[in-house]
Amino acid sequence: MRIVVTLYILVCSSSGLSEYLEAGQNILTPENWAHVGRVTPTEELDLTFALKQQNVEQLEELLHLVSDPSSAQYGKYVTLEEVSTLVRPSQLTQKVVRQWLQSHGVSDCQSVLTQDFLQCTMTVRLAEDLLPGSEFHRYTSDGQSLVRSSTSYQVHKDVFEHLDFVGGVHRFPPRGRDQNKVSMKKRRSDAKFHLGVTPAALRARYNLTAADVGSAQNNSQAVAQFLEQFYHPADLAEFMMLFGKGFQHRSDVDRVVGTQGGGKAGIEASLDVEYIMSAGANISTWVFSNPGRHESQEPFLQWLLLLSNMTDLPWVHTISYGDDEDSLSTAYMMRINTEFMKAGVRGLSMLFASGDSGAGCKHLTGGGNTFRPSFPASSPYVTTVGGTSFKNPFKITYEVTDYISGGGFSNVFKMPDYQVGAVKAYLKAESALPPKMYFNTSGRAYPDLAALSDNYWVVSDRVPIPWVSGTSASTPVVGGILSLINDQRFLKGLPALGFLNPRLYQLQGQGLFDVTDGCHLACLDEQVQGKGFCAARSWDPVTGWGTPDYPVLLAALLK
Ligand SMILES: *[C@@H]1O[C@H](CO)[C@@H](O)[C@H](O)[C@H]1NC(C)=O
Ligand SMILES: *[C@@H]1O[C@H](CO)[C@@H](O)[C@H](O)[C@H]1NC(C)=O
Ligand SMILES: *[C@@H]1O[C@H](CO)[C@@H](O)[C@H](O)[C@H]1NC(C)=O
Ligand SMILES: *[C@@H]1O[C@H](CO)[C@@H](O)[C@H](O)[C@H]1NC(C)=O
Ligand SMILES: *[C@@H]1O[C@H](CO)[C@@H](O)[C@H](O)[C@H]1NC(C)=O
């Protein structure tokens, strides 16, 4: 009955008011994208509608219960069907949104199993009519082309409360690592005699023996890549031939989800696959590659839709993707957090790189600077991985901060309970904190842990390349190590680690090499002079709790 009444109102007030859905979303074109021109009204694009979910608070409570070892529900993960029963939008929401789309002539829509996303193909004319204020233009960068609106969009006030955001309108894909950055680091180090990080160096440092490889039946891990670049199976094979000695491993990816273009191999793409398969050796590995068919799609969002549309997924996912937290709407980030919770209650571990700009820097309009956190690194519902370097680059000895390691405090998400003790202890003990106006001590602090991120050897386009650096290297390494621990848990009949953070912080650093030397970079201004936070005993916002000591970490997590 209520549904009928609401639809009636919707139809009767179709000429009525609209409202902005995504306050705070940056709509400026990133500087590396060139404007081509207006898109013709008859061209087609794909928009993604994030429908308002139900029971998000219950979902959060469930995540807490299944991820906290002191709870009786620890490890009692649920299926995607059960997630769907919990969060799927109300009948009213589904009807109102569909009716709104249909009344504009939009009928070509696909949903996901959880029914909380709708993806619809329509002409530009229809899209601009549906989203008052929007105006679609084409942009190019590096041979890549996409369609975005240069102006903010509104939605009809009757659907406003039924939507979280519309995808494909504003957010540009972040650019990946460029060759310049790689070679810049090369000049900084005495490269000629440098040891370089190889699978053997990593396995030695983190105390992995030849016997520490996967053997459980249903174990699996994945890397997700959203840049216009691809891993090449031949690169992976060559990498394993050159560097895969001394431990049993696989040389093939088991499954590629999405489009693996025939284009050039990317260093980033090669790095992720080569290193998750070296740390998580002999474990079935998937690659989620640049999903999305349309120039209007957001690849990261497409990947999240896939997660809600696939019942069987790898247990561990590592992702090197991030954007400035202040460039994204809170509505969008809140919804992405809910997607991470949906993954967590299924027992999936989501690992994000902490970023390669240290504490970051944002120039304030009134003058002065502040640090600049990155999202999803700053999400309370993912595990964030920072970076380290060998203290002595010629030896496999202890690790110090890699000055690029992303870290800091969210300005959007409050500090989750699981980390309050650790972060407060750091803030209290640290005598050389940056000035208060640079960061927000009430926010979610990251990273959670770290691994080597400096001077990796990678094979890309059949060529071995040294000096590849960044937290996109450390993240798949930690991912592979967590997969090895999952493997041992499966062999004992235990459930997967799932969302690790509550348990990780309870370990209080057990099983992790504490990194206590060095600071990461930040604003180059008089106040902080390029220095952000510094590593310290126990947890710190540069390297988290430290880097994995596999046998000890395994023992601590094999219960
Ligand atoms: C979800 O999966 C179903 C079944 O495979 C498919 O028909 C649908 O198009 C998918 N949804 C999206 C948004 O791709
Ligand atoms: C683990 O590694 C550390 C540092 O490399 C080393 O001191 C320690 O002896 C190793 N432990 C084991 C059990 O191999
Ligand atoms: C590698 O994994 C397979 C199962 O995928 C297993 O049968 C084999 O024993 C593993 N190798 C080692 C050395 O454990
Ligand atoms: C592995 O997966 C298959 C089907 O997905 C299932 O039948 C089997 O019980 C699983 N094995 C283990 C060890 O969990
Ligand atoms: C600080 O973080 C909190 C969330 O923990 C947020 O509500 C607040 O707006 C932030 N302050 C600033 C100045 O960004």
Side-chain angles (χ1 to χ4, degrees), residues 23-24 46-51 80-81 84 108-121 167-168 200-212 257-259 288 291-294 297-299 301-313 324-326 330 333-334 337 339 360 362 364 366 368-373 375 378-380 388 390-392 395-399 408-417 419-420 423 435-446 451-452 481 510-515 546-556:
D46 266 9
L47 295 179
T48 304
F49 301 89
L51 277 67
L80 182 58
E81 287 77 3
S84 178
D108 181 4
C109 298
Q110 313 271 353
S111 189
V112 293
L113 278 172
T114 46
Q115 291 172 280
D116 45 5
F117 286 110
L118 265 184
Q119 190 150 71
C120 307
T121 307
L202 282 167
R203 294 181 68 88
R205 169 57 187 162
Y206 298 136
N207 284 334
L208 291 161
T209 69
D212 294 319
V257 186
T259 40
F288 286 85
R293 299 147 294 166
H294 253 277
Q297 288 172 334
E298 297 178 33
L301 187 57
Q302 288 304 114
W303 170 72
L304 286 172
L305 262 70
L306 279 175
L307 296 189
S308 280
N309 213 18
M310 296 175 76
T311 50
D312 288 312
L313 285 170
D324 295 331
E325 197 184 68
D326 61 274
T330 302
M333 291 187 284
M334 298 287 273
N337 276 347
E339 298 307 306
K362 177 180 156 71
L364 298 171
N369 295 320
T370 170
F371 295 158
R372 185 167 225 173
F375 182 82
S378 71
S379 167
T388 62
F390 279 127
K391 165 91 172 170
N392 176 345
K395 281 204 182 123
I396 300 173
T397 53
Y398 82 101
E399 292 158 75
F409 293 77
S410 172
N411 287 315
V412 181
F413 307 110
K414 76 175 186 20
M415 191 180 297
D417 290 344
Q419 69 170 189
V420 169
V423 180
K436 280 268 183 297
M437 69 249 213
Y438 280 77
F439 65 105
N440 187 339
T441 51
S442 65
R444 145 57 159 159
Y446 68 95
L452 286 159
I481 287 174
Q510 194 190 348
L512 295 150
F513 296 119
D514 196 4
V515 179
T547 65
D549 181 355
Y550 178 72
V552 186
L553 188 62
L554 173 67

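The basis for the numbers below is simple: all heavy atoms, side chains too, and nothing from hydrogens, waters or symmetry mates. From a predicted model like this one, the values you see are computed outputs, not experimental measurements. Atoms within a ligand are numbered from 1 in the order they appear, just like the ligands themselves.
- For ligand 2, the atoms sitting less than 4.0 Å from at least one non-hydrogen atom of Arg205 are 4 (C), 5 (O), numbered in the order shown with element in parentheses.
- Heavy atoms only, all atoms of each residue included: Ala451 and Glu399 are closest at C-OE1, 4.2 Å.
- Counting protein heavy atoms only, atom 7 (O) of ligand 5 is closest to Asn411 O, 4.5 Å.
- Residues Phe409 and Phe371 place their aromatic rings such that the two centres sit no closer than 6.0 Å.
- Here is the list of ligand 5 atoms found below 4.0 Å of a heavy atom in Lys414: 5 (O).
- Proximity of Phe513 to ligand 2, defined as any heavy-atom pair under 4.0 Å, is confined to the side chain (atoms from C-beta onward).
- Within the 3.5 Å criterion, the main-chain N or O of Tyr438 finds a donor-acceptor partner in the side chain of Thr370.
- Note that atom 11 (N) of ligand 5 has protein non-hydrogen atoms nearby, at separations under 4.0 angstrom.
- An N or O contact shorter than 3.5 Å is missing between Gln119 and ligand 1 by distance.
- Arg203 contributes no side-chain N or O that, together with a main-chain N or O of Leu208, makes up a donor-acceptor pair within less than 3.5 Å.
- Note: Trp303 and Phe288 have perpendicular aromatic rings, judged against thresholds of 30 and 60 degrees for the angle between ring planes.
- Nearest to atom 8 (C) of ligand 2 by heavy atom, out of Thr209, Asn207, Val552, Thr397, is Asn207.
- You'll find the side chain of Phe513 stays beyond 4.5 Å of the side chain of Thr388, heavy atoms only.
- In this structure, Tyr206 does not count as a contact residue of ligand 2, since none of its heavy atoms falls inside 4.0 Å of the ligand.
- For the residue pair Asp46 / Gln119, no side-chain donor-acceptor distance below 3.5 Å is found, with atom types taken as modelled.
- Judged by distance alone, the side chain of Gln419 and the main-chain N or O of Ala445 form a donor-acceptor pair under 3.5 Å.
- Partners of Asn369 by side-chain hydrogen bond (donor to acceptor under 3.5 Å, both in side chains), not counting sequence neighbours, listed by chain and number: His363, Asp525.
- Close contacts of ligand 5 with Gly443, meaning ligand atoms under 4.0 Å from a residue heavy atom, involve 5 (O).
- Closest to atom 13 (C) of ligand 2 among all protein heavy atoms lies Pro551 CG, 4.3 Å.
- Remark: side-chain polar atoms of Asn309 are paired, donor with acceptor, to backbone N or O of Leu113 under 3.5 angstrom.
- Note: no N/O pair closer than 3.5 Å links Asp549 and ligand 2 by distance alone.
- Within the structure, the closest approach of Phe413 to ligand 5 falls below 4.0 Å when heavy atoms are considered.
- Closer than 4.0 Å to atom 5 (O) of ligand 2 lies at least one heavy atom of the protein.
- Shown in contact with Asn440 at under 4.0 Å from a heavy atom are these atoms of ligand 5, numbered in order with element: 1 (C), 2 (O), 3 (C), 8 (C), 10 (C), 11 (N), 12 (C), 14 (O).
- For ligand 1, the atoms lying closer than 4.0 Å to a non-hydrogen atom of Ser111 are 1 (C), 8 (C), 10 (C), 11 (N), 12 (C), 13 (C).
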